[in-house]
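One structure is given here, and the rest of the page talks about it.
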Amino acid sequence: LESRCQLKMKQLSINISCSGTIYTSHLFADVNGDHRTDLIIYCQISTILYVLIADSNGFFGEMNLIPIDTFVIIVICAG
């Protein structure tokens with residue numbers, strides 16, 4: 001059986017200042033509703049949320065840094 005869905009991946013190197021992977025969370029989701037998979041990285045040590053929005057060429061645009069100074073609940077609704 002041949003798969004109808006071919007997964008295409010490109011390697012991406014990003015520079016985030018978060019020491020240690022134990023305090024880092026990653027989420028892949030369509031953040032802006034354009035049907036492309038975006039990347040969100042949260043660093044607990046620096047309390048920064050890194051948001052990378054996917055573009056139409058299969059890459060990400062400029063990294064958005066969002067400082068999180070207080071406890072935040074992030075709710076993502078799918079469907």
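In this text, all values refer to a predicted model and were calculated from it rather than measured experimentally.
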Side-chain donor-acceptor pairs of residues 45-52 under 3.5 Å, sequence neighbours excluded:
from, atom 1, to, atom 2, distance (Å)
Thr47, OG1, Ile68, O, 3.2
Tyr50, OH, Ser17, N, 3.4
Tyr50, OH, Ser17, OG, 3.4

How would you list all residue pairs meeting salt bridge (charged side-chain N to carboxylate O under 4.0 Å, His left out) that involve residues 37-65, not counting sequence neighbours?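 Salt bridge (charged side-chain N to carboxylate O under 4.0 Å, His left out) check on residues 37-65 returns no pairs.
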Taking every non-hydrogen atom, the tightest pair across Asp30 and His35: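 What the structure gives for the nearest pair is OD2-N, 2.8 Å.
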Of all residues at least two apart in sequence or in a different chain, which pass the salt bridge (charged side-chain N to carboxylate O under 4.0 Å, His left out) check with Asp34?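 Only Arg36 meet the salt bridge (charged side-chain N to carboxylate O under 4.0 Å, His left out) criterion with Asp34.
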